[in-house]
Amino acid sequence: MKRTAGTVFPAFVILLGSLCAAGWAVAREPGRLDWFEDAKLGIFIHWGIYAVDGTVESWPIHSGEIPYEKYMSQRKGFTASAYDPNAWAKLFKEAGARYAVLTSKHHDGMALWDTKQGKLSMKKATPAKRDLIGPYCEALRAEGLRVGLYFSHLDWSHPDYATLRPEKATGELNKWDYADKGKEDPQAWQRFLKFHKAQILEIAEQFNPDLWWFDGDWTRNAEEWDMKTVRAVLEKHNPEAVFNSRMAGLGDYATPEQGIPSSRIEGPWEFCMTINDSWGWRPGDTNFKSARQIIRIFADCLGGGGNLLLDIGPKADGTIDEAYTSRLKALGRWVAKHQEAVYGTRVGLPAGHFYGGPTSLSRDSATVYLYCYDIPRDQVQVKGIRNTIQAVRVVGEGSSLTFRKMGGAAWINVPGILFIDVPECVNDPDLTVIAVDLEGKLDLYTGKGRD
Ligand code: GLC
C-alpha cells in the first residue's frame, strides 16, 4: 500500500482513533515503512566535486557565483584516494545510525557511479576513476545498515534539462532550470526524461537501495517529470523500497530540512540537518553544532515521532574530518546508552504534559520516556497520566526513582500530577532520559476538569 507524505488512511485512522481513548495514538501502515520508522537515525553524506575547493554544493552554478566551467573544473582534484567505505560504515554504526544516504548525483550532474548515460561520472571524469557507490553499499550492508541513495532529478549539466518553461511563468526564471519563452523544446525534454529514467534504473539494477532520497523535484510537476512511471518502475524493481517526499507529491514520508518542526507532523517524517551550516565539506564553515545540541535536536525528533538524518561532508579524498567524527561518536555514546528510548519509539505526549523536554512512547505505549533537556531541580513533573505507575527508572543508568502522584480529582477521573525525584548523581552528561512504566497502555487525561 502506498501513501504520500502527510496523507494517512482515513478508515484506519478513524478505527484507531476510536479505539484509543484520547484519540492521539499514531496510525501506522503495517509493513514497508516499519524499519524506517523504527530506525530513527540516519547519516546523510554529501560527497561530490564541490569538496575539492570547498564550494557550496552545485548551487554556485545556478546563482552564477562561480562560472560553470570553473565549478566543474573541481573534478580534476577529486581523487577519493583515501576512501574507506568500511570505515565510514563502522563510524555510522558507532553513531547509532541504522541507515545512511549518499549523494549518487547532486544538481551538478556528476554521478558517483559508472553511469553509461554520458561522461559525467567520477569514473570517467575525475582522478578517482572508479565507481564509488558499489563499495559504499557493500560496506553498509556488511554492518547491517540499510542503504539509502540520494538522486537529484534536476541536472544543471544536461543540455536537455532546461528545455521546458512553466505555463504561468512570472518573475525571473533561472536559465539553468527553464527555457526562454519561444525556445521551449518538448522533444529535448522527452530526451531528458529518457536519460533521467535510464540513470535511475541503472542505480536500481546495480545497487538496489532500500531507500530512495530524491531531491530537486520543485522545478516541474509530477506530470512533467512523469513521476508516476518513475515510482511504478522502482516499485516493480523493489516492492520494499522506501521513498522520500521529493517526488512531486508521490513519496512516502515528509522531509523537513534544517528547521525542526515545532508542530506535529502527520505520518512518517525525517528531519535532515547539517552539523555546521553546509551539506558538503567546506573548511571555512566552522559553525558546528555541539554534540549536546545535536542530541537535544535528536530527542526533539524522537518526541515528534520522526527520524533525524544527520549530514556530513567528506573531503575530496574520502576522509571524514574530526569535527564530524567526534560529534558522531559522542552522539553514539548517548544513543548506545539510551537505546530503548530511541529505536522503535513513537510520538510522545501532546504539548503541555511535560515541560522538561520532549517525550516519546514505547512501541506498546506502556512506557513514557521523558527526555530531560536540563538537570532537574529535585523533581520533574508530568501531568495527565491516569494509569497506575509500575516503576520509574533512569534509562541506561538503571536507578529506580521514587515518585508520587499529588492532587487530582478521583471522582471525575482527573489524575494527579506525577512528581518524580531525580537525584543529581543519576544524570547523564548530555541528556538524561527517565522511563515511566505504566500498568497497561497509556491512558492520558487531556481534559479541562470541571468548571
Ligand atoms: C536542498 C538543496 C541541496 C541539498 C538538499 C538536502 O534541497 O538544494 O543542495 O542537497 O537540500 O536536503
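First listed ligand is number 1; within each ligand, the first listed atom is number 1. Quick note: numbers below take in every heavy atom, side chains included, and nothing from hydrogens, waters or symmetry partners.
Taking 4.5 Å as the limit, every side-chain heavy atom of Lys183 sits out of range of all side-chain heavy atoms of Tyr178. Here the side chains of Asp177 and His62 are in contact, with some heavy-atom distance below 4.5 Å.
Residues satisfying the side chain to side chain contact (heavy atoms under 4.5 Å, CB included) criterion with Ala51, sequence neighbours excluded, are Trp281, Ala316.
The 4.0 Å heavy-atom shell around ligand 1 contains residues Phe44, His46, Glu57, Trp59, His106, His107, Tyr150, Trp213, Asp215, Trp218, Arg246, Glu257, Cys272, Trp279, ordered by chain and number.
For the side-chain contact (heavy atoms from CB on, under 4.5 Å) test with Thr103, the passing option among Trp279, Tyr50, Phe151 is Tyr50; the others fail. Put simply, the residue from Leu250, Leu201, Ile200 that forms a side-chain contact (heavy atoms from CB on, under 4.5 Å) with Val230 is Ile200.
Under a cut-off of 6.0 angstrom, the local environment of NZ in Lys123 is sparse, with at most 12 non-hydrogen atoms contributed by other residues, nucleotides or ligands.
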